[in-house]
Amino acid sequence: MNLRISQIGFGLLLSVAVNAVETPNPPKANKQFSTEQSCVEPIEIMRRYHGHFLKHHRNDTMHSGVRTTQHSLIECINCHVTADDDGNYPNVNEGSEHFCRSCHNYAAVTIDCFQCHASKPEKK
Amino acid sequence: MGFWTEFYALSFYLATLILLAGLAHKIYQYAKTPAPLKVPTMPAPLTQRGVVLRLLSEVIFFRSLFRANKWIWLFGMLFHGALWLVLMRHLRYFTEPVWTWVVLIQPIGQYASFAMMLGLVGLLVRRIVVERIRYISSPSDYLMLILLLVIGGSGMMMTFVAHTDIVQFKTFVLGVMSFDWQEIPTDSMLLIHLGAILLLMIIFPFSKLLHAPGVFFSPSRNQVDNSREKRHVAKWAIKQFETKQN
């Protein structure tokens, strides 16, 4: 059955001029969170709820003074925003090169994090 | 390719085909239906331009409904107006790159969802609570409202509570549009949302939802009041008259 459905799909595919589907292309992170897990939560959860984690963390920090690193924006940026060969970091205000912008542009979700926070890693 | 991806991709082709072919058929049928008599509801516009304005005021402001029943007008207006905003917000899934104005209305569309649900609940409560409306309500009337409530409810759940992977979903939509299928995220809210939309698309050409194209073909609204200036004769009436004479 699956084969037949795929065949119909293939037939439709042949009958129409095919454009490759555009997908966002975020840069790879610097390192893994642990050997079992690549990010601070499982990838499937991060893709859906990273906004919640950041807002929750913001409230904890703002109102209770709790400063942990697992869900902190600074650590996201440190790991995910990577420099090109010349050592330059992508601009968060234009293009889709910046890690956050690559998907946020694609999904038309605007964020105001970087009106205050740094969009580039801390200098070490 | 997962089962749900194939199921929803094929269902979308089928539902789109039924919707477009069904609508085309019904619009053709409406256009061909004779309107033998001059019956514009007075006071009626005296020119073609006036008729365009009259129809626009019907389509945009539901003028006749406003004069007939303020409550239905209020809930209908809330629902339809908000639905437009919500639909335009969804354009982000079908276009790449996303147009700037679609990016700008994203938050407005989120708030509009509350107005939309309020309007739908109002219309459903009316069907159940007003006795003479309940008497003339058919299962189809309830089905359309419930489908729209399920669509709106599951959509709001995804926006505000249980998110789905919207980036993956957009690649699925673009994939369906370009016949190059990509995996769909299998979150239950998304599958419910899409399932209800598919059903609504399929019943659209067979139900009262046809009021959308139908409003333009209403003889009492789309005729010019020029019965003194111009003789109004139906074509088939002339033909019958001529054959009798010969």
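Keep in mind it's a predicted model, so treat the numbers as computed, not measured.
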- request: Would you please go through residues 182-209 of chain B and name the residues with a non-hydrogen atom below 4.5 Å from one of chain A, in numerical order?
  value: B/Q182, B/P185, B/D187
message: List the residues meeting side-chain hydrogen bond (donor to acceptor under 3.5 Å, both in side chains) with B/S138, not counting sequence neighbours, and say none if there are none.
response: B/D141
query: How far apart are the C-alpha atoms of B/R92 and A/V109, what are their side-chain angles, what is the distance that settles it, and do they pass the side-chain contact (heavy atoms from CB on, under 4.5 Å) test?
result: CA-CA 9 Å; B/R92 65 177 171 157; A/V109 182; 3.6 Å; yes
- request: Check whether any side-chain heavy atom of B/H163 sits under 4.5 Å from a side-chain heavy atom of A/H52, and report yes or no.
  value: yes
query: Is atom CZ of B/F160 surrounded by more than 12 heavy atoms (other residues, nucleotides or ligands) closer than 6.0 Å?
result: yes
message: For the CG atom on B/L56, are there more than 12 heavy atoms of other groups (residues, nucleotides or ligands in this structure) within a distance under 6.0 Å?
response: yes
Residue part contacting chain A, namely of B/E96, when any heavy atom lies under 4.5 Å: both
Region of B/A9 that comes under 4.5 Å of a non-hydrogen atom in chain A: neither
Pairs of donor and acceptor atoms involving the side chains of residues 68-82 of chain B, under 3.5 Å and at least two apart or interchain, shall be tabulated with distances.
unit_1: B/N69; atom_1: OD1; unit_2: B/W71; atom_2: N; d: 3.0
unit_1: B/N69; atom_1: OD1; unit_2: B/I72; atom_2: N; d: 3.1
unit_1: B/K70; atom_1: NZ; unit_2: B/F66; atom_2: O; d: 2.9
unit_1: B/W73; atom_1: NE1; unit_2: B/F61; atom_2: O; d: 2.8
unit_1: B/H80; atom_1: ND1; unit_2: B/G76; atom_2: O; d: 2.9

query: Side chains of A/P24 and B/V167: does their closest heavy-atom pair fall under 4.5 Å?
result: yes
message: I need the single residue from B/T171, B/V98, B/I166 that forms a side chain to side chain contact (heavy atoms under 4.5 Å, CB included) with A/Y106. Which is it?
response: B/T171
Residue part contacting chain A, namely of B/L174, when any heavy atom lies under 4.5 Å: both
field: All side-chain hydrogen bond (donor to acceptor under 3.5 Å, both in side chains) counterparts of A/H71, not counting sequence neighbours
entry: A/E41
query: Can any side-chain N or O of A/R47 pair as donor or acceptor with the backbone N or O of B/D165 at less than 3.5 Å?
result: no
- line: Separation between CD (B/Q168) and CZ (A/R48), nearest 0.5 Å, reads 8.5 Å
message: Looking at every heavy atom in both B/S178 and A/V21, which two are closest together, and how far apart are they?
response: OG-CG2, 3.5 Å
